[in-house]
A.B. asks: 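Provided herewith is a single structure, encoded as structure tokens, for subsequent inquiry.
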Amino acid sequence: MPNHRIAAALVGLSFLLSQEAVVCAGDDAPARILTAARSEGQAWEKLAWLTDRIGPRLSGSAGYEAAAKWAVAQLARDGADRVWTEKVMVPHWVRGTETAAIVAPVFAPMAVTALGLSDPTPEGGITAEVLEVTSLDELKTVAAKVKGRIVLYNRPVLPNGGEEHGYGAAASLRHDGGVEAAKLGAAGALIRSLGTAAFRLPHTGMTEREEGVPRVPFAAISQEDADHIHRLLAAGETVRVRYALGCRNLPDVESENVLAEIRGSERPNEIVLIGAHLDSWDLSPGAIDDGAGCAVVMDALRLLKSLGLKPRRTVRAVLFANEENGLRGGHAYAEAHRDELARHVAAVEVDSGGARPTGFGVSAGPGGIEAVRRIAAPLAEIGASEVSKGGGGADISPMRAARVPMIGLRQDTTHYFDYHHSAADTLDKVDPKDLASCAGALAVLAYGLADAAEPLPRLDSPEKPPAPPKTSK
């Protein structure tokens, strides 16, 4: 075995032995945290205020700025040792009027919504023949037919569809579909909504740009409307569609990440980060994506403070800006704190909705997964003690280059993609008891990581490890 691997194995063994000593010490903090989360948790109240009183929070909007001000005030009221904001320049994209319809061989209005950062259509919209494909590879095979047509990416997303039919398998069509269609001369592009329930409800999401490539207006249509087009095409009909988008890309504007922390009692310069993204799409109040994550992070910090728990290391909460259409908050944090990333002993992200917690995904050095299993063991009583390989999230991903251990809160995502990025992402989709369990689970993990005798082993390399189930936005 190479010397560096022997050394890493010895470090991992030493860490596990130190954790065994901590576990055997009989710390009752996890039990106290879970009891408090159930009996006096405030995550639901925080989420209700954020969604019902503030609402949609797209980057660059007045809603996001109101949410940031509220979060600063709430974190201060909850007793954080320090609360502050850090500047982030973010995109400013505004949605306008949106209409769409099949115009031949029949007339049928369609439910449509522009994808984030799409350009508008020309005045009066676009009317053209539809060319249907299910993948970027298939698009290449019909490249000669694309010019002047509207490309429809029609790939169903199935609940628990895995690598072939899950959300992740189709997300590249939304990210890259507009660019690839434009390269071949398409007049426009549409995509079947990346949702797992048929509610005639279009789901938005970010689309990418590429320097030097003309931009085509790109929008999502409902599953039902995509199926209607497919049936007409399968019957041998020529299908024409008209759609109009009034969206606009405006100059970047100044925004901010929101940060708060409880200072460590012995090693305050070592940091356990817990984070979620404060922005949401503009179609809804963003209850599951990611208002729930923000409420869980905020209340986990409050629980530790209210119980008088004083872990060795600092626990820092970060509510990130601009996860949905740029990830600039995550990159800004990594850049602003690059000199202290070596002292970040773990980064934990909460961005999988508001349903019950099931455990954690972990990316760390030798012994890291086993160490988190020990910390999470008391969570068995709420069904959240499962720990497996592959953790992280979009906002904390820029810290991988510094080998910061990555952890993601795992949750039941059975219905997550029913509502994700749609107008139906509202408070009623979240159960207060499930949300309290998430806050309790996160607080137990954060305390365990922050109070451990030794820090969590760092990633062996900055290379991206296996992704958790829900990472792509």
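Owing to the predicted nature of the structure, the values given are computational and were not obtained by experimental measurement.
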A.B. asks: Give a yes or no on whether a salt bridge exists between D225 and R200, defined as a side-chain N under 4.0 angstrom from a carboxylate O.
C.D. replies: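 Between R200 and D225 there is a salt bridge, with a charged N closer than 4.0 Å to a carboxylate O.
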A.B. asks: If I take atom OH from residue Y167 and atom OH from residue Y416, how far apart are they, to the nearest 0.5 angstrom?
C.D. replies: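 If we round to the nearest 0.5 Å, Y167:OH and Y416:OH are 8.0 Å apart.
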A.B. asks: Does a side chain donor of either S222 or R192 reach within less than 3.5 Å of an acceptor in the other side chain?
C.D. replies: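 Their side chains do not contain a donor-acceptor pair, so the 3.5 Å distance test is not met.
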A.B. asks: Verify, without hydrogens or angle tests, whether Y64 (side chain) and E256 (backbone) share a donor-acceptor contact under 3.5 angstrom.
C.D. replies: yes
A.B. asks: Apply the test ring-ring contact (aromatic ring centres under 6.0 Å, His included) to residues H415 and Y419: give CA-CA distance (whole Å), side-chain angles for both, the deciding distance (0.1 Å), then the verdict.
C.D. replies: CA-CA 7 Å; H415 295 290; Y419 314 114; 7.0 Å; no
A.B. asks: Check this for me, if you would: do K46 and D78 make a salt bridge, where the nitrogen-to-carboxylate-oxygen distance has to be below 4.0 angstrom?
C.D. replies: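 Yes, this pair counts.
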A.B. asks: SG of C438 to CD of Q411: how many Å apart, nearest 0.5 Å?
C.D. replies: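 It comes to 4.0 Å.
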A.B. asks: Stepwise, does the side-chain contact (heavy atoms from CB on, under 4.5 Å) test hold for F107 with I102?
C.D. replies: CA-CA 5 Å; F107 179 82; I102 299 170; over 6 Å; no
A.B. asks: Look at E129 together with R149 and state whether they make a salt bridge at an N to O cut-off of under 4.0 Å.
C.D. replies: yes
A.B. asks: Take R316 and E340, measure what salt bridge (Lys or Arg N to Asp or Glu O under 4.0 Å) needs, and give me the verdict at the end.
C.D. replies: CA-CA 13 Å; R316 177 179 294 171; E340 66 175 15; 2.6 Å; yes
A.B. asks: One pair to check against side-chain hydrogen bond (donor to acceptor under 3.5 Å, both in side chains): R38 and S437. What are the steps and the verdict?
C.D. replies: CA-CA 7 Å; R38 285 190 291 259; S437 292; over 6 Å; no
A.B. asks: Can a donor-acceptor pair be found between the side chains of N249 and R209 at a distance below 3.5 Å?
C.D. replies: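 Distance-only check passes for N249 and R209.
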A.B. asks: Donor-acceptor check, side chain of T196 to backbone of V157, threshold 3.5 angstrom: yes or no?
C.D. replies: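 Side chain of T196 to backbone of V157: no pair is present.
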A.B. asks: Evaluate E324 against S280 for side-chain hydrogen bond (donor to acceptor under 3.5 Å, both in side chains), listing each step before the verdict.
C.D. replies: CA-CA 7 Å; E324 294 293 5; S280 77; over 6 Å; no
A.B. asks: Okay, side chain of R458, backbone of A402: is any donor-acceptor separation there less than 3.5 Å?
C.D. replies: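 Pair found, side chain donor or acceptor close to backbone of A402.
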A.B. asks: Could R95 and W93 be counted as a cation-pi pair, given that NZ or CZ must be under 6.0 Å from the ring centre and within 45° of the axis?
C.D. replies: no
A.B. asks: With heavy-atom distances below 4.5 Å as the criterion, would you say the side chains of S388 and R410 are in contact?
C.D. replies: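 Touching, per the 4.5 Å side-chain cut-off.
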A.B. asks: In Å and rounded to the nearest 0.5 Å, what is the CD1 to OG1 distance from I150 to T127?
C.D. replies: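 Between atom CD1 of I150 and atom OG1 of T127 there are 7.0 Å.
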A.B. asks: Do N154 and E132 have side-chain N/O donor and acceptor atoms under 3.5 Å apart?
C.D. replies: yes
A.B. asks: Hey, could you give me the CD/CE distance between E323 and M206, rounded to the nearest 0.5 Å?
C.D. replies: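 Rounded to the nearest 0.5 Å, the CD-CE separation comes to 10.0 Å.
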A.B. asks: To the nearest 0.5 Å, tell me how far Q74 CD sits from R302 CZ.
C.D. replies: 9.0 Å
A.B. asks: Are any of the side-chain heavy atoms of F417 and L194 separated by less than 4.5 Å?
C.D. replies: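 F417 vs L194: side chains apart.
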A.B. asks: Using modelled atom types only, decide if a donor and an acceptor are shared between the side chain of S193 and the backbone of I221 within a distance under 3.5 Å.
C.D. replies: yes
A.B. asks: Evaluate the salt bridge (Lys or Arg N to Asp or Glu O under 4.0 Å) criterion for residues R248 and D119: first the C-alpha distance (whole Å), next the side-chain angles of each, then the deciding distance (0.1 Å), finally the verdict.
C.D. replies: CA-CA 6 Å; R248 293 177 294 156; D119 278 10; over 6 Å; no
A.B. asks: Between S422 and L283, does a side-chain contact (heavy atoms from CB on, under 4.5 Å) hold up when you go through it step by step?
C.D. replies: CA-CA 6 Å; S422 80; L283 298 179; 5.5 Å; no
A.B. asks: Do E86 and H337 have side-chain atoms, one donor and one acceptor, less than 3.5 Å apart?
C.D. replies: yes
A.B. asks: Going by the side chain to side chain donor-acceptor pair (under 3.5 Å) test, which pairs reach into residues 48-59, not counting sequence neighbours?
C.D. replies: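 Non-adjacent pairs meeting side chain to side chain donor-acceptor pair (under 3.5 Å): S59-N322.
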A.B. asks: Taking the basic N atoms (NZ, or NE/NH1/NH2) and the acidic carboxylate oxygens, is any pair closer than 4.0 Å for D418 and K429?
C.D. replies: no
A.B. asks: Could you tell me whether the side chains of T414 and D412 share a donor-acceptor contact shorter than 3.5 Å?
C.D. replies: yes
A.B. asks: Do T426 and D428 pass the side-chain hydrogen bond (donor to acceptor under 3.5 Å, both in side chains) test, and can you show the C-alpha distance, the side-chain angles, and the key distance before you say yes or no?
C.D. replies: CA-CA 6 Å; T426 48; D428 54 290; 2.5 Å; yes
A.B. asks: Rounded to the nearest 0.5 Å, how far does CG of L319 lie from OG1 of T85?
C.D. replies: 11.5 Å
A.B. asks: Is the shortest heavy-atom distance from the side chain of E208 to the side chain of H175 under 4.5 Å?
C.D. replies: yes
A.B. asks: Start with the C-alpha distance between T141 and V133, add both sets of side-chain angles, then the distance that settles side-chain contact (heavy atoms from CB on, under 4.5 Å), and finish with yes or no.
C.D. replies: CA-CA 10 Å; T141 68; V133 297; over 6 Å; no
A.B. asks: Without hydrogens or angle criteria, can the side chains of S118 and R215 be said to hold a donor-acceptor pair below 3.5 Å?
C.D. replies: no
A.B. asks: For the backbone of L233 and the side chain of E237, can you confirm whether one donor and one acceptor N or O come within less than 3.5 Å of each other?
C.D. replies: no
A.B. asks: Should the pair D81-K305 be classified as a salt bridge under the 4.0 Å nitrogen-to-oxygen rule?
C.D. replies: yes
A.B. asks: Would you say the side-chain atoms of D289 and H421 include a donor-acceptor pair closer than 3.5 Å?
C.D. replies: yes
A.B. asks: Could you tell me if the ring centre of Y333 sits under 6.0 Å from that of H344?
C.D. replies: yes
A.B. asks: Measuring only between side-chain heavy atoms, which start at C-beta, is V345 closer than 4.5 Å to L273?
C.D. replies: no
A.B. asks: Could you tell me whether a side-chain N or O of D299 sits under 3.5 Å from a main-chain N or O of A439, the two making a donor and an acceptor?
C.D. replies: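 Answer holds: no.
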